[in-house]
Number of protein chains: 2
Amino acid sequence: MNSDFTLAIHSLSFLALQPDRMSTSDAISESAGVHPVRIRKVLSLLKKHGFIKSKEGTGGGFIFALDLSEVNLWDIYKITSEGALQPKCPESNEKCIVGANMQRVLCSIFFGAEEHMGEYLKDYSMKEVVDLVNKRQ
Amino acid sequence: MNSDFTLAIHSLSFLALQPDRMSTSDAISESAGVHPVRIRKVLSLLKKHGFIKSKEGTGGGFIFALDLSEVNLWDIYKITSEGALQPKCPESNEKCIVGANMQRVLCSIFFGAEEHMGEYLKDYSMKEVVDLVNKRQ
DNA sequence: CCAATCTGTAATGCTTAGTATTACAGTACG
DNA sequence: CGTACTGTAATACTAAGCATTACAGATTGG
């Protein structure tokens with residue numbers, strides 16, 4: 001899977017530890033070791049879904065908009081990486097019973113796998129992630 | 001994730017429907033819509049782990065070596081795609097508490113997610129996959 | 001014995017997804 | 001109105017996935 005999901009978690013954790021002031025994409029990108037534009041792209045998604053607020057101009061930046069325990073990893077996964085489990089198959093052969101039916105079967109299996117992983121991810125709220133980050137300083 | 005996992009499932013399903021004779025990589029590759037060399041690479045893995053047998057030369061090919069119900073999708077996942085969930089993070093910043101700890105936290109979360117998905121995949125044996133393929137002809 | 005038909009695998013090149021970088025418009029503040 | 005930000009499009013770079021070529025080794029049948 002691509003790393004938008006982990007960058008989103010990283011950014012939100014960063015913001016969670018600065019609850020009373022705005023953080024710039026530069027600061028977050030330095031913490032995460034990626035380019036600021038990428039952070040802004042990911043944060044743009046998070047903003048669109050109401051997890052964070054942003055403000056332009058001097059003194060601007062990003063800030064968490066919800067309570068930490070209201071946001072879980074499945075929420076974040078869905079907006080950054082949904083469908084990432086599904087590998088894209090080339091068109092297979094309709095003349096062969098396997099080729100003709102495999103895609104349908106695999107799609108349903110992978111869909112189920114993603115739903116199942118969702119149950120696991122729902123058990124991690126951002127509060128728990130931040131606690132884990134804090135645990136070993 | 002890459003498509004080795006699905007190609008392995010596709011190939012095994014194909015072999016499952018030809019239980020009494022050998023199938024060539026050409027036949028399987030045509031069914032799956034990919035290059036024969038790729039199929040041989042995937043099947044080489046499956047052979048190394050004892051799921052199939054192969055025979056070189058005229059009349060040779062591949063054939064299932066176990067009972068269909070003995071092989072489940074988690075077995076196949078493990079040898080083709082283990083670790084595929086884990087996105088690779090760039091080195092993050094050790095000077096920042098988030099940067100310094102995030103990788104460890106994410107690794108453990110993704111490891112757990114993969115294990116959890118494993119429980120789901122274990123419920124699909126190749127017998128069940130083949131039944132699904134046969135269901136709608 | 002040798003030509004044909006397979007697997008096994010390394011090497012090379014192509015294609016695409018992911019990512020970095022540049023550029024610049026828009027917003028807010030002092 | 002200059003400075004410090006976000007927002008976003010466009011371009012370029014890089015790595016992973018995949019196809020293709022090439023060829024050695026095994027097996028069979030004529």
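Just so it is clear, the values below take in all heavy atoms, side chains as well, and ignore hydrogens, waters and symmetry mates. Chain A is the first sequence line, chain B the second, and so forth, proteins listed ahead of strands; every chain is numbered from 1.
- Listed in residue order, the members of residues 39-46 of chain B having a heavy atom less than 4.0 Å from DNA chain C are B:Arg40, B:Ser44.
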Would you be so kind as to tabulate the donor-acceptor pairs closer than 3.5 Å made by side chains of residues 63-71 of chain B, with sequence neighbours excluded?
from	atom 1	to	atom 2	distance (Å)
B:Asp67	OD2	B:Ser69	N	3.1
B:Asp67	OD2	B:Ser69	OG	2.6
B:Glu70	OE1	B:Asp67	N	2.9

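- In the region residues 51-67 of chain B, proximity to DNA chain C at under 4.0 angstrom, judged on heavy atoms, holds for B:Ser54, B:Lys55, B:Glu56, B:Gly57, B:Thr58, B:Gly61, B:Phe62.
- Take A:Glu128 and apply the side chain to side chain contact (heavy atoms under 4.5 Å, CB included) test, not counting sequence neighbours, and it matches A:Ser125.
- Among all heavy-atom pairs drawn from B:Ile109 and A:Tyr120, the shortest one is O-OH, 2.9 Å.
- Linking ILVMFWY side-chain heavy atoms closer than 4.5 Å, directly or via other members, places A:Met22 and A:Leu15 in two distinct hydrophobic clusters.
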Check: protein-nucleotides 13-15 of chain C nitrogen or oxygen pairs below 3.5 Å:
none

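- Classified by interplanar angle (parallel below 30°, tilted 30° to 60°, perpendicular above 60°), the ring pair A:Phe5/B:Phe110 is perpendicular.
- Taking hydrophobic clusters as Ile, Leu, Val, Met, Phe, Trp and Tyr residues chained together by side-chain heavy-atom distances below 4.5 Å, B:Leu45 does not share a cluster with B:Phe14.
- A donor-acceptor contact shorter than 3.5 Å is absent between the side chain of A:Ser3 and the backbone of A:Thr6.
- If you measure from atom CZ of A:Arg38 to atom P of C:dT21, you get 11 Å, rounded to the nearest angstrom.
- Nucleic acid contact for A:Lys48: none, since no nucleic acid atom lies under 4.0 Å from a heavy atom of the residue.
- Checked against A:Tyr77 for a side chain to side chain donor-acceptor pair (under 3.5 Å), the options A:Glu114, A:Lys122, A:Glu82 give a single hit: A:Glu114.
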Inset, instruction - Kindly determine whether A:Lys135 and A:Asp131 satisfy salt bridge (charged side-chain N to carboxylate O under 4.0 Å, His left out), including the steps that lead there. - result: CA-CA 6 Å; A:Lys135 196 161 278 177; A:Asp131 285 347; over 6 Å; no

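- OP1 or OP2 of D:dG17 has not a single side-chain nitrogen or oxygen of B:Ser3 nearer than 4.0 Å.
- Residues of residues 21-37 of chain B having a heavy atom closer than 4.0 Å to DNA chain D, listed by number: B:Val34, B:His35, B:Val37.
- In terms of heavy-atom proximity, A:Leu73 sits nearest to A:Met126 at CD2-SD, 4.2 Å.
- Judged purely by atom type and a 3.5 angstrom limit, B:His49 has no side-chain atom pairing as donor or acceptor with the backbone of B:Phe51.
- For the atom pair CD (B:Glu94) and CG (B:Asn101), the distance works out to 8.0 Å, reported to the nearest 0.5 Å.
- Of the residues B:Ser25, B:Ser54, B:Ser29, the one that meets the side chain to side chain donor-acceptor pair (under 3.5 Å) test with B:Arg40 is B:Ser25.
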